[in-house]
Amino acid sequence: MMIKLNAEDYTVKKAETVKELLDELDIQMERVAIELNLKVIKKADYHITPIQDGDSVEIVSYVGGG
């Protein structure tokens, strides 16, 4: 399936949920915020929130420092 990932086309290999997408991308869920189709997703819902063909996913990483 094809999605927009941070405004660029991305072909999802196997992921069916937000959590599986993060796993596919090798991203730790504790360090990011996710917006799916302009809606912020709670971390507790990552594993039950499906992604579908044509979805727009924004992944924002937290950066430490001052």
List the atom pairs, with distances to 0.1 Å, where a side-chain N or O of residues 24-33 and a protein N or O form a donor-acceptor pair under 3.5 Å, not counting sequence neighbours.
unit_1 : atom_1 : unit_2 : atom_2 : d
E24    : OE1    : K13    : N      : 3.3
E24    : OE1    : K14    : N      : 3.0
E24    : OE1    : A15    : N      : 3.2
E24    : OE2    : Y10    : OH     : 2.7
E24    : OE2    : K13    : N      : 2.9
Q28    : OE1    : R31    : NE     : 3.4

Practice task
Could you give me the CA-CA distance, side-chain angles and deciding distance for I51 and V18, then say whether side-chain contact (heavy atoms from CB on, under 4.5 Å) is met?
Solution key: CA-CA 6 Å; I51 52 173; V18 169; 4.0 Å; yes
Problem - Heavy-atom side-chain proximity of V12 to D53 below 4.5 angstrom - result: no
Handout entry: Pairwise distance CD1(I48) to CD1(I41) - rounded to 0.5 angstrom
Key = 9.5 Å
Handout entry: Heavy-atom closest contact (D45 atom, T49 atom, distance)
Key = O-OG1, 2.6 Å
Handout entry: Salt bridge present between D55 and K4 (N-O < 4.0 angstrom)
Key = no
Exercise for the section: Working to the nearest 0.5 Å, report the span between OG1 of T11 and CD1 of I3. Expected result: 9.0 Å
Problem - Distance in Å, N6 CG paired with E35 CD, rounded so as to fall on 0.5 Å steps - result: 10.0 Å
Problem - Within 6.0 angstrom of E16 CD, more than 12 heavy atoms from elsewhere - result: no
Practice task
Treating Ile, Leu, Val, Met, Phe, Trp and Tyr as nodes and any side-chain heavy-atom pair under 4.5 angstrom as an edge, say whether Y46 and M1 lie in one connected cluster.
Solution key: yes
Handout entry: Heavy-atom side-chain contact between I59 and L5 under 4.5 Å
Key = yes
